[in-house]
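Written below as structure tokens is the structure these notes are about.
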Amino acid sequence: MSFFGKIRDALKKTKDSVAHKMRQLFLKNKIGNEFYDELEEILISADVSVRTAEDVVEQVKEEAIGNKVKDESFVTDLLKDILEDTLNEAPVPEFKFPCVIMFVGVNGVGKTTTIGKVANYFARQKKSVTVAAADTFRAAAIDQLGVWAERAKVRIVKHEEGSDPSAVVFDAVSSAKAKGTDVVLVDTAGRLHVKENLMNELKKMDRVVSREYPEAAFYKFLVLDATTGQNAVNQARVFDEAVDLDGIVLTKLDGTAKGGFVFSLCGELNVPVVFAGVGEKVDDLELFDAEQFVEGFI
């Protein structure tokens with residue numbers, strides 16, 4: 001099944017609910033203030049944040065009034081366009097090589113699995129890849145990353161459990177420079193975003209990459225579990241303040257019931273969604289497609 005097919009299936013309940021509520025809204029209300037208030041409520045019910053819903057509906061209202069439009073299909077298409085524009089507010093980074101991508105996030109979001117999938121993504125593009133097992137707090141994480149590296153047929157740099165994560169990063173970028181590696185993917189320990197010492201450790205790894213490999217493009221991606229909904233926006237805000245995020249990878253997007261929070265991520269934080277995971281297999285990862293996501297949502 002294609003990426004769009006999986007997203008469409010995942011968001012089917014949301015799409016059916018939103019479409020039904022909008023049909024009822026058009027039947028019940030002429031397009032006026034009450035109509036727009038209810039449209040806002042429909043978006044919020046689909047997990048769009050209040051702030052983003054207000055902003056989107058205000059844009060719809062201005063455009064519709066400006067064109068003196070009271071047609072259902074026009075307003076629906078207009079809403080889709082504005083939602084797509086919201087997703088595209090933050091430009092997706094264009095990968096330049098050599099590059100280092102550091103993956104951050106809280107426990108249990110699927111960081112290690114995601115790195116395996118991203119390694120496979122670049123390997124399929126004939127790029128040389130090294131993964132750095134900088135989650136040294138759990139031996140299982142190092143072993144798991146090793147399994148994914150083997151599946152993707154890429155190199156892994158690892159130390160013993162309990163080692164300094166920054167030392168792993170140092171060795172990985174040193175090795176990449178020596179071997180002319182295209183891509184270094186850095187795994188990090190899952191951390192509660194309220195733990196200051198762990199966030200400081202991320203900043204230290206950030207400094208190691210910037211100092212030791214300044215010629216490489218450096219991206220910091222937050223891995224988010226799509227099933228956490230609006231809480232994902234709060235996580236993203238804290239990590240963005242700590243390491244200045246360049247992008248987001250959504251995992252378990254095929255398991256989410258709503259998905260509206262994705263508009264809030266892009267619209268409020270100005271951080272783009274780069275990849276989306278839609279399954280358990282090594283190739284169940286795609287570049288995020290804003291147009292297809294909106295079509296699956298409404």
Side-chain angles (χ1 to χ4, degrees), residues 97-120 122-123 127-225 235-236 238-249 251:
F97 304 98
C99 71
V100 178
I101 307 175
M102 184 169 76
F103 294 82
V104 302
V106 301
N107 289 307
V109 294
K111 266 196 313 302
T112 305
T113 300
T114 294
I115 290 169
K117 292 177 180 180
V118 174
N120 182 67
F122 283 115
K127 299 297 181 185
S128 54
V129 181
T130 293
V131 296
D135 179 358
T136 59
F137 288 104
R138 296 185 304 122
I142 299 171
D143 294 341
Q144 185 187 7
L145 190 62
V147 170
W148 280 103
E150 194 173 320
R151 285 181 193 169
K153 298 180 175 60
V154 301
R155 292 177 61 245
I156 182 169
V157 173
K158 59 184 179 180
H159 288 189
E160 295 297 315
E161 180 185 2
S163 301
D164 179 1
S166 294
V168 179
V169 174
F170 178 89
D171 284 355
V173 297
S174 298
S175 172
K177 282 197 294 185
K179 294 179 180 294
T181 303
D182 296 314
V183 183
V184 178
L185 306 176
V186 180
D187 193 9
T188 64
R191 57 206 68 223
L192 296 169
H193 51 280
V194 294
K195 295 290 187 181
E196 186 177 353
N197 59 325
L198 292 174
M199 298 303 277
N200 286 337
E201 187 180 80
L202 280 184
K203 295 175 185 178
K204 182 181 176 184
M205 286 187 270
D206 185 327
R207 291 194 299 272
V208 168
V209 174
S210 300
R211 183 183 69 233
E212 300 298 329
Y213 205 4
E215 62 269 37
F218 186 21
Y219 310 102
K220 285 148 280 186
F221 288 174
L222 174 65
V223 181
L224 287 173
D225 179 338
Q235 290 178 25
V238 175
F239 277 97
D240 189 36
E241 289 171 1
V243 295
D244 192 15
L245 297 171
D246 298 292
I248 287 166
V249 183
T251 65

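These numbers come from a predicted model, not from an experiment.
- Proximity of Leu245 to Val104: side-chain heavy atoms (C-beta onward) are separated by under 4.5 Å at one or more points.
- Partner of Thr114 under the side-chain contact (heavy atoms from CB on, under 4.5 Å) criterion, chosen from Leu224, Val109, Val223, Asp187: Val223.
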Next item on the list: Begin with the C-alpha distance, continue with both residues' side-chain angles, and end with the deciding distance and a verdict on side-chain contact (heavy atoms from CB on, under 4.5 Å) for Lys117 and Val249.
Entry: CA-CA 11 Å; Lys117 292 177 180 180; Val249 183; over 6 Å; no

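- Panel note: side chain Lys177, backbone Glu212; a donor-acceptor pair is recorded below 3.5 Å.
- Among all heavy-atom pairs drawn from Val129 and Ala123, the shortest one is CG2-N, 4.2 Å.
- Across all their heavy atoms, Val186 and Ala134 have their closest contact at CG1-CB, 4.0 Å.
- When every heavy atom of Ala133 is checked against every heavy atom of Lys158, the shortest pair comes out as CB-CB, 3.9 Å.
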Next item on the list: Go through Thr130 and Lys179 one step at a time and tell me if the side-chain contact (heavy atoms from CB on, under 4.5 Å) criterion holds.
Entry: CA-CA 10 Å; Thr130 293; Lys179 294 179 180 294; 5.9 Å; no

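- A side-chain donor-acceptor contact under 3.5 Å links Asp182 to the backbone of Ser128.
- Using a 4.5 Å cut-off on side-chain heavy atoms (C-beta onward), Asp135 and Lys111 make no contact.
- Residue Phe97 holds its CZ atom at 12.5 Å from OG1 of Thr181, rounded to the nearest 0.5 Å.
- Under the 4.5 Å side-chain criterion, counting only non-hydrogen atoms from C-beta, His159 is in contact with Asp171.
- The distance from the CE atom of Met102 to the CG atom of Leu222 is 11.0 Å, given to the nearest 0.5 Å.
- Separating the SG atom in Cys99 from the CG atom in Leu185 is a distance of 7.5 Å, to the nearest 0.5 Å.
- Summarising the geometry of Thr136 relative to Ser163, their closest heavy-atom pair is OG1-O, 2.7 Å, with the distance given to 0.1 Å.
- The shortest heavy-atom contact between Met205 and Val169 is SD-CG2, 3.8 Å.
- The distance from atom CZ of Arg207 to atom CG of Leu202, rounded to the nearest 0.5 Å, is 11.0 Å.
- Interatomic distance, Asn120 CG to Ile115 CD1, rounded to the nearest 0.5 Å: 13.5 Å.
- Taking CD1 of Ile142 as the start and CD of Glu161 as the end, the distance is 6.5 Å to the nearest 0.5 Å.
- Contact annotation: the side chain of Phe103 never approaches that of Thr112 to less than 4.5 Å [non-hydrogen atoms, C-beta and beyond].
- What you find for Phe170 and Ser174 is that their closest heavy atoms are O-OG, 2.8 Å.
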